[in-house]
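Order of the sequence lines fixes the chain letters, A, B, ..., with proteins taken first and strands second; residue numbering starts at 1 for each chain.
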Amino acid sequence: MVWTELTEGLGQALAALGLLTPERLALVELAIPRERAHGDWTTNLPMILAREVGRPPRALAADLAAAFPADPERFGPVEVAGPGFLNFRYSARFLAALPARILAADAAFGRSDRGRNLAVQVEYVSANPTGPLNVVNARAAAVGAALVRLLEATGHRATSEFYVNDAGGQVELLGESVAARFAERIGVPRAFPENGYQGEYLRDLAASLPEAEARAALGSPAAGAWFRTHALERLVEAQRRDLADYGATFDAFVRESSIHDSGAVQATLEELRAKGVIYEAEGAQWVQTTRFGDDKDRVVVRANGLPTYLLPDIAYHRDKRRRGVQVSIDLWGPDHHGHILPLKASLEALGLERGFLEVLIVQQVNLMSGGQLVKMSKRAGEFVTLRDLMDEVGPDCAKFFFLMRSANAHLDFDLDLAKRQNDENPAFYVQYAHARIASILRYARTRGLEPGDAGASGEWHDQELGLVRQLAAFPEVLRGAAAAREPHRLPAYLMETAATFHRFYHECRVVSEDVPLSQRRLQLSEAARIVIRNGLALMGVSSPERMERGVEVEP
RNA sequence: GCGCCCGUAGCUCAAUUGGAUAGAGCGUUAGCCUCCGGAGCUAAAGGUUACAGGUUCGAUUCCUGUCGGGCGCACCA
């Protein structure tokens, strides 16, 4: 990987000037500049070191540039620019050889080991098991699944988990709601609980229960538990299936009840107590999170002896750490951000590393149709589900739209636009480029032409070079997106790559009478196809070989 | 009242953890198919990055304050 060679080269340059220390080497930041005129890679190292070394940035930059080891296989001469940047440019030889390397690497192109095998777990969706998944869950599923793939591709040991909140008051309410629906179905009077779950799906669920058993259970004192257990089983399975169809799979579904049953909750409390951060007040047990940055201490065991939500959550994360997870990235809904500080502080109180827990808030989604907000209310049972969304706009399109935006910004999802099967829909743009390349390769094959590097040493068109440069950035884009936990950089890069390909295609005839040139351009096109396909795969979006324009349906 | 997120082109959003001349899509306007897929390409127009200060070589990014939008502020989850 180019990044490695640049870092090593800068280390050698520092050593040549007698400036090399491990601390300074760790300061090296390499980036791909926004402006093409600033080269293919750039570093601000001279400006960062200038003060410490006591030299003007530009003079330091000039010395570093001169001391940078020549590497004609990869780079041209190093340039000093602006207030003290060092800019690197790929050599012509490197660019000419890259498409062949991409074809050889194929599905592995873009992957790296920059994650150093760190064990990272992404916990996402973790919806309450009280009903179908909604559109925020759909957004979290798209982001979470993409993040897992991105981490895996960049050399992390990535795992995924879904935490099922199957303990506590709300699932009791669920059990009562289902029992009431079942009673209603068989004509037995039974009050529907106050604030119960109103959704129509519970009527369907009640109808699917084994009737004789349910009748027997209804009369017993344990009715709530029976209906709760059966409802949970069905609802969790339905969520799992919807997510799988959507392309979001999990290494494990962990149930909160299992954390209780294993004794981990009690053990966690005792461990906290041993750390001296638990005290009793007003009949309840409190954890001193204020010692670790929280605004106030938090109750972990209520006066009635039952734990609050926080304690099992601490226990769950403690359990993750004991299972070897080094970083836990949790994707939570916008209504949970008040919980971040208490949990982080609690985990620190328990002795876990400060950076163990990272929380990404997946912000709310406003569905827009006809310029109007689509109203959703879970209480009233009126909401658009993940399943609805897949049926309406298709899984590829839904995922593309969700991944285009950064997760922690509110999102207006334009259903009308997403449904449109034409050029106004940005989701098709990248897929179209892929299908177009596939088509070109098919056409070339009918003329007996295959990708090859016969013409690599010839004169290259600017658009060809521009495309190679764009493709060369792919590994670094993946690294950056994974490191920043920002999958949305992926579609942005792919849209740019597709545009770069289209420009190349417009200016450069691929299949022509010139056989070596045709082979070279076919190879370049195939390389672009591979990059687009690899990128879309990380997003969980398909890469069609062909696309049919959808039939326009007049409203 | 306190905390968190957000405020960037007419609309929806980017901007590579503080980098160089703030970019895309949609919409608008004007062009480009005897030729490998026109779901494409080219060009134009569109900005005091909500506002006021501060930090420094350099701020959309970090800090303080103000205004506006959203979400939290439980011995619910």
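- What separates CZ of R546(A) from C1' of A39(B) is a distance of 16 Å, to the nearest Å.
- Side-chain N/O atoms of H434(A) and R529(A) include a donor and acceptor closer than 3.5 Å.
- With distances taken from any side-chain atom of E486(A) to the nucleotides A15(B), A39(B), A74(B), the minimum falls on A15(B).
- Of the two residues near RNA chain B, A435(A) and R51(A), the one whose nearest nucleotide lies more 5' is A435(A).
- Comparing atom distances between the A499(A) side chain and each of C75(B), A39(B), C41(B) picks out C41(B) as nearest.
- To the nearest angstrom, P of U12(B) lies 23 Å from OH of Y429(A).
- Considering only side-chain N and O atoms, R58(A) lies nowhere under 4.0 angstrom from the phosphate OP1 or OP2 of C57(B).
- Looking at heavy-atom distances under 4.0 Å, R34(A) makes contact with a base.
- Between the CD atom of Q363(A) and the C1' atom of U12(B) there is a distance of 16 Å, rounded to whole Å.
- At a cut-off of 3.5 angstrom, counting only N and O atoms as typed in the model, there is a donor on one side and an acceptor on the other between the side-chain of N44(A) and the base of G19(B).
- Within 4.0 Å (heavy atoms only), P83(A) reaches at least one base atom of the nucleic acid.
- At the heavy-atom level, I340(A) lies nowhere under 4.0 Å from the strands shown.
- Rounded to the nearest 0.5 Å, atoms CG (L411(A)) and CZ (R139(A)) are 4.5 Å apart.
- Residue A444(A) is out of contact with every strand shown, counting any heavy-atom pair closer than 4.0 Å.
- Y163(A) approaches P312(A) most closely through the heavy-atom pair OH-O, 4.0 Å.
- Using a 4.0 Å heavy-atom cutoff across all strands shown, Y493(A) reaches no nucleic acid atom at all.
- Across all strands shown, G72(B) is found opposite C2(B) as a Watson-Crick or G-U wobble partner, with both distances under 3.5 Å.
- OP1 and OP2 of A39(B) both lie 4.0 Å or more from every side-chain N or O belonging to Y505(A).
- Looking at the side chain of D335(A), the nearest of the listed nucleotides C71(B), G19(B), A15(B) is C71(B).
- Heavy atoms of E29(A) sit nowhere under 4.0 angstrom from any nucleic acid atom.
- Spacing between atom OH of Y309(A) and atom P of C73(B) amounts to 13 Å, rounded to whole angstrom units.
- In this structure, a donor-acceptor pair under 3.5 Å is present between the side chains of Y279(A) and D297(A).
- Residue R503(A) places none of its side-chain N or O atoms closer than 4.0 Å to OP1 or OP2 of A43(B).
- Across all strands, D294(A) comes closer than 4.0 Å to no nucleic acid atom at all (heavy-atom distances).
- Within 4.0 Å (heavy atoms only), H337(A) reaches at least one base atom of the nucleic acid.
- In this structure, E29(A) contributes its side chain and N44(A) its backbone to no donor-acceptor pair below 3.5 Å.
- Across the protein-nucleic acid pair, N137(A) atom CG and A77(B) atom C1' stand 14 Å apart, rounded to whole Å.
- Only the C1' atoms considered, G10(B) is 12 Å distant from G47(B), to the nearest whole Å.
- On a pure distance criterion of 3.5 Å, a polar donor-acceptor pair joins the side chain of N87(A) and the base of A20(B).
- Nucleic acid contact class of I361(A) (heavy atoms, under 4.0 Å, all strands): none.
- Computed from coordinates, the E496(A) CD to C13(B) P distance equals 20 Å when rounded to whole Å.
- The aromatic ring of H506(A) does not sit over the base of G40(B); the criterion of centres under 5.5 Å apart with planes under 30° is not met.
- Remark: the separation of the C1' atoms in A14(B) and U60(B) is 11 Å, to the nearest Å.
- Here, C2(B) and A74(B) have their P atoms 16 Å apart, quoted to the whole Å.
- Using a 4.0 Å cut-off between a side-chain N of Lys or Arg and a carboxylate O of Asp or Glu, E476(A) and R489(A) do not qualify as a salt bridge.
- Only the C1' atoms considered, A50(B) is 12 Å distant from C6(B), to the nearest whole Å.
- Here G40(B) presents its C1' atom at 12 Å from CE of M547(A), a figure rounded to the nearest Å.
- Here the rule is side-chain contact (heavy atoms from CB on, under 4.5 Å) with R485(A), and of L151(A), L150(A), N408(A), L331(A) only L151(A) fits it.
- Separation of the P atoms belonging to U64(B) and U55(B) is 15 Å when rounded to the nearest angstrom.
- Pair assignment for U21(B): none, as no Watson-Crick or G-U wobble contacts are both less than 3.5 Å.
- C73(B) shows a glycosidic angle more than 90° from 0 and is accordingly assigned anti.
- Side-chain polar atoms of S518(A) and S512(A) form a donor-acceptor pair below 3.5 angstrom.
- No contact: S512(A) has no heavy atom under 4.0 Å from any strand.
- For T42(A) and A20(B), a side-chain-to-base donor-acceptor distance below 3.5 Å is present, hydrogens and geometry of angles not being considered.
- With 3.5 Å as the limit, one finds a donor-acceptor pair spanning the side chains of Q431(A) and D396(A).
- Distances were taken from every side-chain heavy atom of R442(A) (C-beta onward) to each of G37(B), C13(B), C41(B); the shortest belongs to G37(B).
- Taking atom P on both nucleotides, U61(B) is separated from U21(B) by 16 Å, rounded to a whole Å.
- In this structure, G40(B) and C32(B) make a Watson-Crick or G-U wobble pair, each of the two defining distances being under 3.5 angstrom.
- When heavy atoms are screened at a 4.0 angstrom cut-off, F428(A) is found touching base atoms of the nucleic acid.
- In this structure U17(B) sits in the syn conformation; its chi angle is within 90° of 0.
- Residue-to-nucleotide proximity on RNA chain B shows that, of R298(A) and D412(A), the 5′-proximal contact is made by D412(A).
- Rounded to an integer number of Å, the gap from M368(A) CE to G25(B) P is 22 Å.
- Backbone-only engagement by A167(A) is indicated by non-hydrogen atom pairs under 4.0 Å involving sugar-phosphate atoms exclusively.
- Between F402(A) and F413(A), the ring center distance clears the sub-6.0 Å criterion.
- Closest to the side chain of A303(A), out of C75(B), A20(B), C36(B), is C75(B).
- The partner of C62(B), taking Watson-Crick or G-U wobble pairs whose two distances both stay under 3.5 Å, is G54(B).
- Across C11(B) and G46(B), the matching C1' atoms stand 12 Å from one another, rounded to whole Å.
- Checking the phosphate oxygens (OP1, OP2) of G7(B), no side-chain nitrogen or oxygen of H410(A) falls inside 4.0 Å.
- If you check every strand for non-hydrogen atoms under 4.0 Å, R405(A) touches a base.
- At a threshold of 4.0 angstrom between heavy atoms, the contacts of T308(A) are confined to the sugar-phosphate backbone, with no base atom among them.
- Taking atom P on both nucleotides, G23(B) is separated from A45(B) by 14 Å, rounded to a whole Å.
- Of the listed nucleotides (G25(B), U16(B), A77(B)), G25(B) has the atom at the smallest distance from the side chain of P426(A).
- Here F85(A) counts as stacked on A20(B): its ring centre is under 5.5 angstrom from the base ring centre and the planes meet at under 30°.
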